[in-house]
Each structure stands twice: as C-alpha cells, then as structure tokens.
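This structure is a prediction, so every number in the text was calculated from the model and none was measured.
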Amino acid sequence: MEKYDILEPDCFYHIYNRGNNKENLFIEEENYFHFLKHIKKHIIEIADIYAYCLLKNHFHLVVKIKSRSELPEKFHAGGNLSQPFSNLFNAYTKAVNKWYEREGSLFRVRFKRERISDENYLRNAIIYIHLNPVKHSFTEDYIHYLHSSFQSLLSEKSTLLKRKEVIELFDNKENLIFVHNEIFKKGYYEDFD
C-alpha cells in the first residue's frame, strides 16, 4: 500500500493527480478555467499556491499549507487538511459528469502529495511543473503554455499565486527565466520523477 504524506500547517507540498484509468481531466478550454475556479474556492483558504500546471490528463500544484493561525477555525483542532482537496476533486467531477453525461469518479482515488523539505527541492519542483507540458509532449514551448503558472509569475496582473515569494526563491525575475531555460535546454526535467 502506498504511503501518503500527511498535510501539515506551514509545510510545502507537491500535489498531483491524474484521471482515473488515464482518462482526460480537461476536455475543452473552459474545463481548465473551471478547475482553477474550484482551486480558488476550495484550496486558497488552507494553502498558498506557488506553481501549477494543468495537463489534459493530470495536474501538478506546489502549495504551502498556511500556518495554524492563518487556517480557518475548523482546522485548528486537527481538522483534515486533505478534505479541501477532496472537495475540489468532487466538485470538479460533478461538473464534468453533468457537462459530458458521464458517471463515476474522474480522478484517481487518492491524490499524491510529497512534502518539500528544502528550498532547493522547492525550486526544482516549480521548474519541473512548468516544464511538465514539454516532458509529456503537450507542447514544445513551455513558456507560452496556457495552463501553467509560468506566464502569471512573469506578469504584473493581479494573481492569487505567491508571485513575489517565487521570484525571490530565484533571486529575481530574470534569473527565474534563466534557470528554467537552462534546465529546459539540458533536458534535466526528464529525470525529476
């Protein structure tokens, strides 16, 4: 049986999941935006988003669970911090089932989560997530891939992402771009799994 990290306050995690039986999670463009709306509705109250990438049949997030004092009261007495993720998956599945007249679960039963233990791992996870569309041959151009946080990190537009914190992890915006490009050119993202 697979072990899953327990979500705890003030910790970073790489969260990912895929379609049940390798089914696509996102069928049309509007599905990606609908999933992001559910992230805003269900996850932002318990976690800060540092990076994301939505691919046709799976997704990745880098999140930091908020500190105990920032969490809603229901989580102070040991409430299950994975419940908002279950709520996200259930709400999105219900919408997809209704739109496409399908039944049953859309996601694998348990989402994967890996605790990120240090800043180097955090930087690598962010890069890996942004380069993931290239790794899986969804695009050859990760920079302009529409369904990742990369462009939002470079933008000046309002965002729920922890843009400032991510940029500081790489020292500045120019270095964020440089490091992504170097790893992309060398193909190191292939070995991150």
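- At least one side-chain heavy atom of L36 sits under 4.5 Å from a side-chain heavy atom of Y52.
- Two different hydrophobic clusters hold V96 and F33 under the rule that ILVMFWY side chains link at heavy-atom gaps under 4.5 Å.
- Taken to the nearest 0.5 Å, the NE2 atom of H130 stands 7.0 Å off from the CZ atom of F150.
- Residues A51 and L161 come closest through the heavy atom pair N-CD2, 4.3 Å.
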Might you work through the side chain to side chain contact (heavy atoms under 4.5 Å, CB included) test for L81 and L71, ending with a clear yes or no? CA-CA 10 Å; L81 287 166; L71 287 168; 4.0 Å; yes
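- Nearest heavy-atom pair across L55 and P133 is CD2-CA, 3.4 Å.
- A 4.5 Å side-chain heavy-atom check between I15 and E114 finds every atom pair outside the cut-off.
- For the 3.5 Å distance criterion, the side chains of N132 and H58 qualify, holding a donor opposite an acceptor.
- Here the closest non-hydrogen pair linking I167 and L153 is CD1-O, 3.6 Å.
- Atom-to-atom distance recorded for H180:NE2 and L154:CG is 8.5 Å, nearest 0.5 angstrom.
- Salt bridge status for E156 with K173: present, with a side-chain N to carboxylate O gap under 4.0 Å.
- When side chains are defined from C-beta on, I49 does not count as touching V62, because their heavy atoms never get closer than 4.5 Å.
- Contact of the H147 side chain with the K56 side chain is not registered, since no non-hydrogen atoms from C-beta on lie closer than 4.5 Å.
- Between Y128 and Y121, the distance from one ring center to the other does not fall under 6.0 angstrom.
- One hydrophobic cluster, built from ILVMFWY side chains closer than 4.5 Å, holds both F107 and Y100.
- A donor and an acceptor atom, one from each side chain of D141 and T139, are nowhere located under 3.5 Å apart.
- Side-chain contact between F170 and I177 is absent, with no heavy atoms from C-beta onward closer than 4.5 Å.
- The aromatic ring centres of F138 and Y145 sit 6.0 Å or more apart.
- Salt bridge present: K64 and D10 bring a charged side-chain N and a carboxylate O closer than 4.0 Å.
- Checked against F111 for a ring pair (Phe, Tyr, Trp, His ring centres under 6.0 Å), the options Y16, F89, F59, Y13 give a single hit: F89.
- Summarising the geometry, atom CD belonging to E168 is positioned 10.0 Å from atom CD belonging to E119; distances are rounded to the nearest 0.5 Å.
- Note on E8 versus R115: salt bridge recorded, some NZ/NE/NH1/NH2 to OD/OE distance being below 4.0 Å.
- A single hydrophobic cluster is not seen to contain both I6 and F75; linkage of ILVMFWY side chains at heavy-atom distances under 4.5 Å, directly or through other members, places them apart.
- Between N24 atom CG and N31 atom CG the span is 10.0 Å, to the nearest 0.5 Å.
- Taking CD1 of I43 as the start and CG of D48 as the end, the distance is 12.0 Å to the nearest 0.5 Å.
- Side chain to side chain, N181 and Y142 meet the donor-acceptor criterion of an N or O pair below 3.5 Å.
- Shown here for G104 and T93, the closest heavy-atom pair between the two residues is O-CG2, 3.6 Å.
- For the pair I65 and A47, the tightest heavy-atom approach, listed with the atom from each and the gap, is CD1-CB, 4.0 Å.
- Contact of the R123 side chain with the L169 side chain is registered, since non-hydrogen atoms from C-beta on lie closer than 4.5 Å.
- Between the side chain of N57 and the backbone N or O of G19 there is no donor-acceptor pair closer than 3.5 Å.
- Between N17 and L25 there is no side-chain heavy-atom pair separated by less than 4.5 Å.
- Of the possible polar contacts, none joining the N21 side chain to the E23 backbone as a donor-acceptor pair under 3.5 Å is found.
- For H42 against E45, the heavy-atom pair with the smallest separation is O-CG, 4.2 Å.
- No side-chain heavy atom of S148 sits less than 4.5 Å from a side-chain heavy atom of L54.
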Start with the C-alpha distance between R102 and N97, add both sets of side-chain angles, then the distance that settles side chain to side chain donor-acceptor pair (under 3.5 Å), and finish with yes or no. CA-CA 5 Å; R102 66 177 299 282; N97 285 352; 2.3 Å; yes
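- The OH atom of Y50 sits 14.0 Å away from atom CG of L61, with the distance rounded to the nearest 0.5 Å.
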Applying side chain to side chain donor-acceptor pair (under 3.5 Å), run through E70 and S67 and close with a yes or a no. CA-CA 5 Å; E70 295 173 296; S67 68; 3.0 Å; yes
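- Summarising the local packing, CD of E29 is surrounded by more than 12 heavy atoms from other residues, nucleotides or ligands at distances under 6.0 Å.
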